[in-house]
Amino acid sequence: MWRVSLWLVALIMAHTLAPGTALAQPLPANTLPATTLPATTLPANTLPANTLSAIATSSTPDGPVIEFLDGDYVLTLDEAIPTAGWERKKTPNIYRQVDTHWRTGDLHGLWARHRFDRAALGKGPLALYTVSTRNQFTIYLNGQEIFRNFASKDDNKMAWYRPFLAPIPETALRPGMNEILIRAFSRDSVAGGRVVVGPHTEVEANYKRQFFWRISATMVASSAMLILGAFGFLLWLGRRNEVELLYLSISTVIWFLRNYQYFAEDTPFHLVTFNALSVAATLIASVFTFSFYASYLKIPNYKFIIKLLIIIVFPYCFIHWYFQLTNFLLYVPTLLLTLSMAIIGYLNFYRTRIPSDFVWPSLMALMVVLGGYDALLAGSGTVWKGNDFYLALFNGFFYCLAFLLTFGVRALRAFTDLGKANATLEKRIAETRAELAQSEAARQELVVGRAIASERERLMQEMHDGIGSNLITALAVARQQNQPPSMIKTLNRALADLKITVDSLEPVEGDLVALIGNLRHRMQGDLRDAGVVCRWEVDECGPLEWLDAPNALHVLRIFQEAIGNVLSHSGATEMRIGCRVETLGGVLGVAAYVADNGQGFDTAKEAPGKGLASIRSRAKALHGLLTSTSEAGKGTVITLWLPYQRHL
């Protein structure tokens, strides 16, 4: 954050040092004289013959190119060629407001004269190149007008940084000495700039290079910066909590205003106001750039610091303009802001170790260097040769590129996080759908289960109230009428079978132990009448998930048959019913058994048609295994093994 402020300081410093940026004055401007400018020709030269201007010559394939190293200059608003007051000075010769204490808006005029020998130039089409001749000017060659950059005396041209190309007509040249006269006037700094004459192709190539880097590149960079600011503003409209985007958009608009003087051809409005805004824009833009970076990094107390800077900067700029203070009073706070942003940026990079965080402080440091270079270029006027480039005017563009980098990194991280979040969300949605499907299946199963349970309850009630009641009545009548014991026994067995069938309809939830225990309870009376003691040998066994009502009835019939055999045929006095976990053939299951101490039988001589065949078929229907072991005089053991998991 602080590096943004440092960068802003450097930018302000560099821009305010640029030539052509004069102190804005609130005083009224002078007006042009009522006389008109010369037409296409000037009267013959009446000045005394002087020596030729000093020149530097360079050879090119198309012929020599000469550059004037000095010339004759005189400050005057007269339209006629001055007859006195000429002074030989180095070229370019710039009369800056800061040097002359002129006020912005006052009109000043300058005549410049350069003399050369026609023999110094080759034959063929020639052209003249000039830069930093400011601001409205006309060029004459041997009394003939060959170029002007304005159409009306009321035009507010900005020519201090703009290069110009003037073709030289062959008819205007003469053998021997030739004279170039430039009349310039300005409401700001006035100057006779760098002047180069040579073959048209060579001079034009130099002009195009200069125009690209001075005007086109500056305009494109500033426009791109402004577009980025508009993009940041649109982002801020959708993300009002990210106020740094608003600071970014504001800073780009102010930087564009500051850079406008470099590539604009005309002053967009009143010169005094425009100059005042251009000078103040550097510091103001630096403050908003610092505000952007401070908000972006969330430095301690950044909100308070930003408010304080904004509250201070506008009155400070007004005081600077009103009292016509030196621009160095703007450069210093700009430099401090830029340095602070660089330092804070490097500290942030040391903490995060993120490569993109290294770009900002490095850019701030570069801006300090570029601002120093521009200050040296324009400060004293001794280094400036009229053809040099200002570099700090690209700082705003670099600043926007740095923002794009950091924003792109942040956006990439956000997109990556969003992708991960989407993947996680899709996974959770799939899991939720699966859970919902399972829940729906469970719900449907529950609905079906409730319907079955309701139907089972109805059948049980019907059997109890109908068949059961009729059997009990029949048994009571048979006993009252002293019916044969065989009939009473048959009725009792039918009633017992009915109870077992009803028991099989009761939900057992796979609990085999509870199912067998309920059967034991039902047959407890028969066991007691037969004088058989029943012992319960049960280990802890897990539920059989597949044990539903039809399968439960098979189990009950198997154990009913086994217990019935003990009561009818074994002559046992003791019976054991047990249940344990047992693995058979690598498959885990439950083994339930009925054992007695009766007379037993020889399993090898078991006659067909006995009850064991019936219960074996039931065991097979259960996907289980029924085994019987018996030894004469030592009792019998019937074991039913059932698997925990059945594979149909």
Side-chain angles (χ1 to χ4, degrees), residues 1-17 225 228 232 242-248 250-252 254-255 258 281-313 316-317 327-376 379 391-410 413:
M1 303 172 184
W2 288 98
R3 64 185 170 186
V4 175
S5 61
L6 292 176
W7 169 62
L8 292 173
V9 174
L11 284 175
I12 296 171
M13 174 179 173
H15 289 303
T16 50
L17 282 171
M225 178 180 61
L228 180 61
E242 297 185 13
V243 69
E244 62 267 23
L245 296 174
L246 177 61
Y247 291 137
L248 170 71
I250 294 175
S251 68
T252 57
I254 302 175
W255 280 123
R258 182 64 186 91
T282 307
L283 180 57
I284 296 174
S286 299
V287 168
F288 278 98
T289 304
F290 174 85
S291 301
F292 160 73
Y293 197 44
S295 302
Y296 179 79
L297 289 184
K298 302 294 186 297
I299 66 173
N301 303 315
Y302 73 93
K303 292 183 179 179
F304 172 77
I305 296 173
I306 291 172
K307 290 180 181 178
L308 184 63
L309 287 175
I310 293 176
I311 291 173
I312 291 175
V313 67
Y316 182 82
C317 290
N327 285 349
F328 277 98
L329 295 179
L330 295 177
Y331 307 157
V332 172
T334 302
L335 178 62
L336 293 176
L337 279 174
T338 308
L339 289 175
S340 66
M341 284 188 284
I343 294 171
I344 293 175
Y346 281 124
L347 292 176
N348 178 66
F349 169 71
Y350 180 78
R351 179 179 58 85
T352 63
R353 302 291 180 172
I354 299 175
S356 61
D357 288 343
F358 182 77
V359 175
W360 278 93
S362 300
L363 184 63
M364 299 303 108
L366 175 63
M367 289 176 178
V368 174
V369 175
L370 297 183
Y373 167 80
D374 285 5
L376 179 64
L391 301 178
L393 59 92
F394 293 102
N395 284 345
F397 178 68
F398 295 149
Y399 150 60
C400 291
L401 287 181
F403 163 74
L404 281 178
L405 177 62
T406 54
F407 180 81
V409 171
R410 186 171 69 172
R413 291 175 187 164

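Values reported hereafter were calculated over all heavy atoms of this structure, with side chains retained and with hydrogens, waters and symmetry mates removed. Numbers here are sequence positions counted from 1.
- Taking CG of Leu245 as the reference point, atom CZ of Phe292 lies at 7.0 Å (rounded to 0.5 Å).
- Judged as a side chain to side chain contact (heavy atoms under 4.5 Å, CB included), and not counting sequence neighbours, the contacts of Leu308 are Phe304, Ile312.
- Here Ile354 pairs with Thr352, Ser356, Asp357, Arg413 under the side chain to side chain contact (heavy atoms under 4.5 Å, CB included) rule; sequence neighbours left out.
- Closest approach of Ala342 and Pro361 over heavy atoms only: O-CB, 3.3 Å.
- Of the options Ile250, Ile310, Val313, a side-chain contact (heavy atoms from CB on, under 4.5 Å) to Ile284 is made by Val313 and by none of the others.
- Atom OH of residue Tyr316 and atom CG of residue Leu309 lie 12.5 Å apart, to the nearest 0.5 angstrom.
- At least one side-chain heavy atom of Ser362 sits less than 4.5 Å from a side-chain heavy atom of Tyr346.
- In this structure, CD on Glu244 lies 9.0 Å from CD1 on Ile306, to the nearest 0.5 angstrom.
- Under the rule for a side chain to side chain donor-acceptor pair (under 3.5 Å), the partners of Arg351 that lie at least two apart in sequence or sit in another chain are Asn348.
- Here SG of Cys317 is found 11.0 Å from CG of Leu329. Values are rounded to the nearest 0.5 Å.
- Atoms CZ and CG, on Phe394 and Leu366 in that order, are 12.5 Å from each other to the nearest 0.5 Å.
- Summarising the geometry of Ala285 relative to Ile254, their closest heavy-atom pair is CB-CG2, 3.5 Å, with the distance given to 0.1 Å.
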